[in-house]
Amino acid sequence: DADTLILQNIELVDIFSQKFASLQPLASHRFLNESLIYHGYLGCSLLHPTVAISLHTLAAYRQSHRTCPRFSVQAQCKALCHLHDIPYQPHLNMQFSDAYDVYLEILHRVDSLIKAALKRDTQDWCLLNSCPCCCYKLDDEDNMTFEWLATIDGNNSLKRWLSSIYGTSPRDDSRTRHSDYWLHRANVDQFQLNGAQPHEQDPTDDWEDVVQSDSAPFNCIDRWRNAGPEARKRMFSVFDESGIFIVAYRHRFILLVCDMVKSGKLSKYLLAILDHLLNIYGKNGGIAYNIGCAFSKT
(Lines give C-alpha, C1' and ligand atoms only; values in the text may rest on other atoms or scores of the structure.)
Protein backbone atom coordinates (compact mmCIF):
# COMPACT_ATOMS: atom_id res chain seq x y z
CA ASP A 1 0.00 0.00 0.00
CA ALA A 2 0.96 3.68 -0.01
CA ASP A 3 2.45 3.48 3.50
CA THR A 4 5.16 1.07 2.31
CA LEU A 5 6.07 3.01 -0.85
CA ILE A 6 9.33 4.87 -0.46
CA LEU A 7 10.01 7.68 -2.90
CA GLN A 8 12.86 9.46 -1.19
CA ASN A 9 15.91 10.98 -2.80
CA ILE A 10 14.80 10.02 -6.32
CA GLU A 11 16.88 11.52 -9.12
CA LEU A 12 14.43 13.39 -11.36
CA VAL A 13 15.64 14.20 -14.87
CA ASP A 14 13.92 16.84 -16.96
CA ILE A 15 15.04 18.64 -20.12
CA PHE A 16 16.44 21.68 -18.32
CA SER A 17 16.77 20.37 -14.77
CA GLN A 18 18.21 17.48 -12.81
CA LYS A 19 17.52 17.19 -9.08
CA PHE A 20 17.00 14.82 -6.18
CA ALA A 21 13.60 14.95 -4.49
CA SER A 22 11.10 12.96 -2.44
CA LEU A 23 7.58 12.41 -3.79
CA GLN A 24 4.41 11.68 -1.87
CA PRO A 25 2.33 8.74 -3.19
CA LEU A 26 -1.44 8.64 -3.07
CA ALA A 27 -3.31 6.17 -0.91
CA SER A 28 -4.48 4.25 -3.99
CA HIS A 29 -0.97 3.74 -5.40
CA ARG A 30 0.48 0.22 -5.29
CA PHE A 31 3.74 0.63 -7.20
CA LEU A 32 6.53 3.17 -7.21
CA ASN A 33 6.21 3.84 -10.94
CA GLU A 34 2.51 4.47 -10.45
CA SER A 35 3.38 7.31 -8.11
CA LEU A 36 6.13 8.57 -10.39
CA ILE A 37 3.78 8.76 -13.39
CA TYR A 38 1.27 10.63 -11.23
CA HIS A 39 3.98 13.26 -10.68
CA GLY A 40 4.95 13.30 -14.38
CA TYR A 41 7.96 10.96 -14.35
CA LEU A 42 8.75 7.41 -15.45
CA GLY A 43 11.24 5.26 -13.57
CA CYS A 44 14.24 3.65 -15.26
CA SER A 45 13.59 0.31 -13.53
CA LEU A 46 10.39 -1.59 -12.84
CA LEU A 47 10.28 -2.24 -9.10
CA HIS A 48 12.81 -0.05 -7.30
CA PRO A 49 13.67 2.96 -9.46
CA THR A 50 16.26 5.43 -8.22
CA VAL A 51 16.26 7.52 -11.41
CA ALA A 52 13.17 8.82 -13.20
CA ILE A 53 12.83 10.75 -16.46
CA SER A 54 10.05 13.26 -17.03
CA LEU A 55 7.30 12.44 -19.51
CA HIS A 56 7.99 15.81 -21.19
CA THR A 57 11.57 14.74 -21.91
CA LEU A 58 10.49 11.39 -23.34
CA ALA A 59 7.80 13.05 -25.47
CA ALA A 60 10.29 15.61 -26.80
CA TYR A 61 12.78 12.87 -27.76
CA ARG A 62 10.04 10.87 -29.49
CA GLN A 63 9.17 13.77 -31.77
CA SER A 64 12.85 14.59 -32.40
CA HIS A 65 13.57 10.98 -33.31
CA ARG A 66 10.54 10.86 -35.64
CA THR A 67 11.81 13.86 -37.60
CA CYS A 68 15.45 12.73 -37.50
CA PRO A 69 15.83 8.93 -37.08
CA ARG A 70 19.61 9.32 -36.76
CA PHE A 71 19.12 11.23 -33.49
CA SER A 72 20.02 8.37 -31.17
CA VAL A 73 19.44 7.76 -27.48
CA GLN A 74 23.14 8.34 -26.91
CA ALA A 75 22.92 11.76 -28.58
CA GLN A 76 19.90 12.64 -26.43
CA CYS A 77 21.71 11.61 -23.24
CA LYS A 78 24.78 13.63 -24.16
CA ALA A 79 22.59 16.66 -24.87
CA LEU A 80 20.93 16.31 -21.45
CA CYS A 81 24.35 16.08 -19.79
CA HIS A 82 25.40 19.32 -21.50
CA LEU A 83 22.20 21.03 -20.38
CA HIS A 84 22.67 19.81 -16.79
CA ASP A 85 26.44 20.52 -16.70
CA ILE A 86 27.32 16.98 -15.65
CA PRO A 87 29.80 14.49 -17.17
CA TYR A 88 28.41 11.97 -19.62
CA GLN A 89 28.38 8.32 -18.48
CA PRO A 90 27.59 5.36 -20.77
CA HIS A 91 25.13 3.83 -18.29
CA LEU A 92 22.81 6.78 -18.86
CA ASN A 93 21.99 5.33 -22.30
CA MET A 94 20.57 2.18 -20.74
CA GLN A 95 18.54 4.11 -18.19
CA PHE A 96 17.02 6.39 -20.79
CA SER A 97 16.43 3.52 -23.25
CA ASP A 98 14.58 1.41 -20.65
CA ALA A 99 12.31 4.30 -19.69
CA TYR A 100 11.71 5.19 -23.33
CA ASP A 101 10.71 1.62 -24.25
CA VAL A 102 8.14 1.59 -21.45
CA TYR A 103 6.90 5.03 -22.53
CA LEU A 104 6.34 3.81 -26.10
CA GLU A 105 4.50 0.73 -24.84
CA ILE A 106 2.20 2.92 -22.74
CA LEU A 107 1.44 5.11 -25.76
CA HIS A 108 0.72 2.03 -27.87
CA ARG A 109 -1.72 0.57 -25.36
CA VAL A 110 -3.53 3.87 -24.92
CA ASP A 111 -3.73 4.24 -28.69
CA SER A 112 -5.11 0.69 -28.99
CA LEU A 113 -7.88 1.49 -26.51
CA ILE A 114 -8.78 4.65 -28.42
CA LYS A 115 -8.87 2.77 -31.74
CA ALA A 116 -11.07 0.07 -30.24
CA ALA A 117 -13.51 2.67 -28.89
CA LEU A 118 -13.66 4.34 -32.31
CA LYS A 119 -13.92 0.95 -34.08
CA ARG A 120 -10.72 1.60 -35.98
CA ASP A 121 -8.93 -1.57 -34.89
CA THR A 122 -10.08 -3.82 -37.73
CA GLN A 123 -7.58 -5.41 -40.10
CA ASP A 124 -6.20 -3.03 -42.77
CA TRP A 125 -8.25 -0.12 -41.43
CA CYS A 126 -5.42 2.33 -42.19
CA LEU A 127 -5.16 1.17 -45.80
CA LEU A 128 -8.90 1.44 -46.33
CA ASN A 129 -9.24 4.89 -44.76
CA SER A 130 -5.85 6.62 -45.01
CA CYS A 131 -6.66 8.81 -48.03
CA PRO A 132 -10.10 10.50 -47.98
CA CYS A 133 -9.74 11.57 -51.62
CA CYS A 134 -9.24 8.02 -52.90
CA CYS A 135 -10.89 5.82 -50.28
CA TYR A 136 -14.20 7.61 -49.73
CA LYS A 137 -16.89 7.49 -52.40
CA LEU A 138 -20.16 9.33 -52.79
CA ASP A 139 -23.46 7.64 -53.51
CA ASP A 140 -23.96 7.03 -57.24
CA GLU A 141 -20.41 8.20 -57.98
CA ASP A 142 -19.17 7.14 -61.42
CA ASN A 143 -16.31 4.70 -61.69
CA MET A 144 -12.97 6.25 -62.58
CA THR A 145 -10.41 4.93 -65.03
CA PHE A 146 -8.06 4.39 -62.08
CA GLU A 147 -9.70 4.09 -58.69
CA TRP A 148 -6.39 4.57 -56.90
CA LEU A 149 -2.94 5.86 -57.86
CA ALA A 150 0.26 5.28 -55.92
CA THR A 151 4.02 5.56 -56.30
CA ILE A 152 6.69 3.11 -55.12
CA ASP A 153 10.42 3.37 -54.58
CA GLY A 154 13.23 2.26 -52.30
CA ASN A 155 15.74 4.30 -50.36
CA ASN A 156 19.10 3.41 -48.85
CA SER A 157 19.24 6.12 -46.16
CA LEU A 158 18.09 3.96 -43.21
CA LYS A 159 20.92 1.47 -42.85
CA ARG A 160 21.63 -0.68 -39.79
CA TRP A 161 24.87 -2.51 -39.13
CA LEU A 162 25.08 -6.19 -38.40
CA SER A 163 25.81 -6.66 -34.70
CA SER A 164 28.52 -9.21 -35.57
CA ILE A 165 30.55 -6.45 -37.24
CA TYR A 166 31.55 -5.18 -33.79
CA GLY A 167 32.82 -8.62 -32.71
CA THR A 168 29.72 -9.42 -30.67
CA SER A 169 27.34 -12.34 -30.99
CA PRO A 170 24.19 -11.44 -32.93
CA ARG A 171 21.02 -11.38 -30.87
CA ASP A 172 17.51 -12.01 -32.14
CA ASP A 173 15.07 -9.15 -31.69
CA SER A 174 11.76 -10.69 -30.65
CA ARG A 175 9.89 -7.39 -30.76
CA THR A 176 7.24 -6.85 -33.42
CA ARG A 177 6.03 -3.58 -34.89
CA HIS A 178 2.66 -2.32 -33.70
CA SER A 179 1.65 -0.89 -37.06
CA ASP A 180 -0.45 -1.74 -40.10
CA TYR A 181 2.01 0.05 -42.35
CA TRP A 182 4.85 -2.50 -42.13
CA LEU A 183 5.08 -5.73 -44.09
CA HIS A 184 6.90 -8.43 -42.17
CA ARG A 185 10.02 -10.05 -43.61
CA ALA A 186 8.32 -13.44 -43.80
CA ASN A 187 5.60 -12.02 -46.05
CA VAL A 188 8.18 -10.39 -48.31
CA ASP A 189 10.38 -13.49 -48.54
CA GLN A 190 7.47 -15.46 -50.02
CA PHE A 191 8.16 -13.61 -53.28
CA GLN A 192 11.89 -14.40 -53.39
CA LEU A 193 12.82 -15.37 -56.95
CA ASN A 194 15.56 -17.85 -56.00
CA GLY A 195 18.19 -15.16 -56.29
CA ALA A 196 17.48 -14.41 -59.97
CA GLN A 197 15.80 -11.08 -60.66
CA PRO A 198 13.67 -10.47 -63.76
CA HIS A 199 15.63 -7.35 -64.78
CA GLU A 200 19.04 -9.01 -64.49
CA GLN A 201 21.41 -7.95 -67.26
CA ASP A 202 24.39 -9.47 -69.02
CA PRO A 203 27.21 -9.91 -66.44
CA THR A 204 29.60 -8.24 -68.86
CA ASP A 205 27.58 -5.03 -68.67
CA ASP A 206 29.70 -2.29 -67.14
CA TRP A 207 26.56 -0.55 -65.83
CA GLU A 208 27.37 2.73 -67.51
CA ASP A 209 25.11 4.86 -69.67
CA VAL A 210 24.85 3.37 -73.11
CA VAL A 211 25.42 5.58 -76.12
CA GLN A 212 22.30 5.01 -78.19
CA SER A 213 22.80 4.99 -81.95
CA ASP A 214 20.24 6.54 -84.26
CA SER A 215 19.49 3.23 -85.93
CA ALA A 216 19.06 1.13 -82.78
CA PRO A 217 15.61 1.06 -81.13
CA PHE A 218 15.30 2.84 -77.82
CA ASN A 219 15.44 0.51 -74.82
CA CYS A 220 15.30 2.24 -71.45
CA ILE A 221 16.00 -1.04 -69.63
CA ASP A 222 19.53 -1.09 -71.04
CA ARG A 223 20.18 2.57 -70.32
CA TRP A 224 18.62 3.14 -66.92
CA ARG A 225 21.10 2.66 -64.09
CA ASN A 226 18.53 1.52 -61.52
CA ALA A 227 17.72 -1.44 -63.75
CA GLY A 228 21.36 -2.53 -63.84
CA PRO A 229 22.57 -6.00 -62.83
CA GLU A 230 21.62 -7.05 -59.33
CA ALA A 231 25.19 -8.20 -58.71
CA ARG A 232 26.26 -4.55 -59.02
CA LYS A 233 23.51 -3.31 -56.72
CA ARG A 234 23.97 -5.63 -53.74
CA MET A 235 24.61 -3.82 -50.50
CA PHE A 236 27.70 -4.48 -48.43
CA SER A 237 27.40 -7.49 -46.17
CA VAL A 238 28.07 -5.27 -43.14
CA PHE A 239 24.45 -4.07 -43.20
CA ASP A 240 21.57 -6.07 -41.76
CA GLU A 241 19.00 -3.55 -43.02
CA SER A 242 20.05 -1.59 -46.09
CA GLY A 243 17.02 0.71 -46.35
CA ILE A 244 13.26 0.75 -46.77
CA PHE A 245 10.85 0.19 -49.64
CA ILE A 246 7.81 2.43 -49.47
CA VAL A 247 4.52 3.06 -51.29
CA ALA A 248 2.47 6.25 -51.00
CA TYR A 249 -0.79 7.57 -52.42
CA ARG A 250 -0.56 10.39 -54.92
CA HIS A 251 -1.98 12.60 -52.16
CA ARG A 252 1.17 11.89 -50.09
CA PHE A 253 -0.37 9.44 -47.61
CA ILE A 254 1.90 6.50 -46.71
CA LEU A 255 0.38 3.10 -47.42
CA LEU A 256 2.98 0.38 -46.83
CA VAL A 257 6.63 0.05 -45.85
CA CYS A 258 8.99 -2.92 -45.79
CA ASP A 259 12.65 -3.34 -44.87
CA MET A 260 15.29 -3.98 -47.52
CA VAL A 261 17.46 -6.67 -45.95
CA LYS A 262 21.09 -7.13 -47.06
CA SER A 263 20.20 -6.10 -50.60
CA GLY A 264 19.29 -3.33 -52.99
CA LYS A 265 15.94 -2.98 -54.76
CA LEU A 266 15.04 -6.62 -55.28
CA SER A 267 11.82 -7.54 -57.04
CA LYS A 268 10.45 -9.36 -54.00
CA TYR A 269 9.82 -6.07 -52.19
CA LEU A 270 7.72 -4.69 -55.01
CA LEU A 271 5.91 -8.01 -55.55
CA ALA A 272 4.98 -8.26 -51.86
CA ILE A 273 3.67 -4.69 -51.78
CA LEU A 274 1.69 -5.07 -55.01
CA ASP A 275 0.15 -8.33 -53.82
CA HIS A 276 -1.04 -6.65 -50.63
CA LEU A 277 -2.40 -3.59 -52.45
CA LEU A 278 -4.27 -5.70 -55.02
CA ASN A 279 -5.85 -7.78 -52.28
CA ILE A 280 -7.11 -4.62 -50.54
CA TYR A 281 -7.98 -2.24 -53.37
CA GLY A 282 -8.51 -4.50 -56.37
CA LYS A 283 -6.96 -4.33 -59.82
CA ASN A 284 -8.37 -1.00 -61.00
CA GLY A 285 -5.37 1.09 -59.95
CA GLY A 286 -2.13 2.59 -61.19
CA ILE A 287 1.42 2.37 -59.85
CA ALA A 288 4.37 4.61 -60.73
CA TYR A 289 7.84 3.05 -60.43
CA ASN A 290 11.09 4.33 -61.90
CA ILE A 291 12.04 0.96 -63.40
CA GLY A 292 8.55 -0.25 -64.17
CA CYS A 293 9.71 -1.14 -67.69
CA ALA A 294 12.11 -3.74 -66.28
CA PHE A 295 9.65 -4.93 -63.67
CA SER A 296 6.98 -5.50 -66.33
CA LYS A 297 8.89 -8.65 -67.34
CA THR A 298 7.96 -10.31 -64.05
Side-chain angles (χ1 to χ4, degrees), residues 12-18 40-42 44 51-112 126 130-131 150-163 165-166 168 171 173 175-185 188 235-236 238-265 269 273 290:
L12 304 178
V13 179
D14 199 2
I15 297 178
F16 296 107
S17 66
Q18 180 258 348
Y41 291 87
L42 191 58
C44 296
V51 179
I53 301 173
S54 71
L55 299 178
H56 290 159
T57 303
L58 296 171
Y61 174 71
R62 177 171 175 257
Q63 299 304 326
S64 299
H65 185 68
R66 290 176 69 180
T67 55
C68 182
R70 292 179 296 178
F71 186 53
S72 63
V73 168
Q74 183 185 54
Q76 174 65 53
C77 291
K78 288 184 176 181
L80 290 174
C81 289
H82 286 301
L83 291 170
H84 302 156
D85 291 326
I86 61 175
Y88 167 76
Q89 299 292 337
H91 71 270
L92 300 176
N93 297 338
M94 185 63 69
Q95 291 178 343
F96 190 95
S97 181
D98 290 344
Y100 185 63
D101 285 343
V102 174
Y103 174 75
L104 293 180
E105 184 64 24
I106 292 174
L107 292 183
H108 165 66
R109 297 198 179 193
V110 172
D111 188 57
S112 298
C126 289
S130 59
C131 181
T151 180
I152 299 178
D153 203 359
N155 188 281
N156 301 127
S157 298
L158 297 177
K159 298 182 179 68
R160 184 169 64 86
W161 295 89
L162 278 170
S163 57
I165 296 299
Y166 300 99
T168 58
R171 294 183 296 177
D173 189 351
R175 296 174 297 178
T176 57
R177 297 182 178 93
H178 303 305
S179 174
D180 294 335
Y181 293 109
W182 286 90
L183 288 178
H184 294 285
R185 292 188 183 184
V188 175
M235 302 304 298
F236 296 112
V238 296
F239 296 115
D240 182 31
E241 294 172 292
S242 54
I244 59 174
F245 213 82
I246 195 168
V247 54
Y249 260 132
R250 65 188 183 97
H251 298 107
R252 302 182 182 181
F253 291 97
I254 301 300
L255 295 178
L256 291 172
V257 183
C258 67
D259 280 322
M260 294 195 299
V261 182
K262 300 179 183 179
S263 68
K265 299 178 183 179
Y269 305 121
I273 287 177
N290 60 1

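Here Asp111 contributes atom CG and Ile106 contributes atom CD1; the two are 13.5 Å apart, rounded to the nearest 0.5 Å. We find the CG-CH2 distance between Leu256 and Trp182 to be 11.0 Å, quoted to the nearest 0.5 Å. Atoms CG and CG, on Leu42 and Leu58 in that order, are 6.0 Å from each other to the nearest 0.5 Å. Going from atom CD1 of Ile246 over to atom CG of Asp153 covers 10.0 Å, rounded to the nearest 0.5 Å. Here NZ of Lys78 is found 8.0 Å from OG of Ser72. Values are rounded to the nearest 0.5 Å. To the nearest 0.5 Å, atom CD1 of residue Ile15 and atom NE2 of residue His56 are 8.5 Å apart.
Asn93 approaches Gln74 most closely through the heavy-atom pair OD1-CA, 3.4 Å. When all heavy atoms are compared, the tightest approach of Ile273 to Cys258 is CD1-SG, 4.2 Å. Across all their heavy atoms, Ser97 and Val73 have their closest contact at N-CG1, 4.2 Å. When all heavy atoms of Leu55 and Tyr103 are compared, the pair lying nearest together is CD2-CD1, 4.2 Å. Taking every heavy atom of both residues into account, Phe253 and Ser130 meet most closely at CD2-O, 3.4 Å. In this structure, Val188 and Tyr269 approach most closely via the heavy-atom pair CG1-CD2, 3.5 Å.
Panel note: side chain His82, backbone Cys77; no donor-acceptor pair is recorded below 3.5 Å. Without hydrogens or angle criteria, Thr57 side chain to Ile53 main chain gives no donor-acceptor distance under 3.5 Å. Using modelled atom types, one side-chain atom of His84 and one backbone atom of Leu80 make a donor-acceptor pair closer than 3.5 Å. Side-chain atoms of Thr67 come within 3.5 Å of backbone atoms of Gln63 as a donor-acceptor pair (strictly under, hydrogens ignored). Between the side chain of Thr151 and the backbone N or O of Ala248, no donor-acceptor pair lies under 3.5 Å.
Environment of CZ in Arg185: crowded, with over 12 heavy atoms of neighbouring residues, nucleotides or ligands closer than 6.0 Å. More than 12 heavy atoms of other residues, nucleotides or ligands sit less than 6.0 Å from atom NE2 of His108.
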Between Phe245 and Ile152, is the side-chain contact (heavy atoms from CB on, under 4.5 Å) condition met? List the steps.
CA-CA 7 Å; Phe245 213 82; Ile152 299 178; 3.1 Å; yes
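The side-chain heavy atoms of Leu104 and Arg62, taken from C-beta on, include a pair separated by under 4.5 Å. Between Cys44 and Phe96 there is no side-chain heavy-atom pair separated by less than 4.5 Å. Side-chain contact between Cys81 and Leu92 is present, with at least one heavy-atom pair separated by less than 4.5 Å. The closest side-chain heavy-atom distance from Val257 to Leu183 is not below 4.5 Å.
Between Phe71 and Tyr61, the two ring planes are tilted [angle within 30° to 60°].
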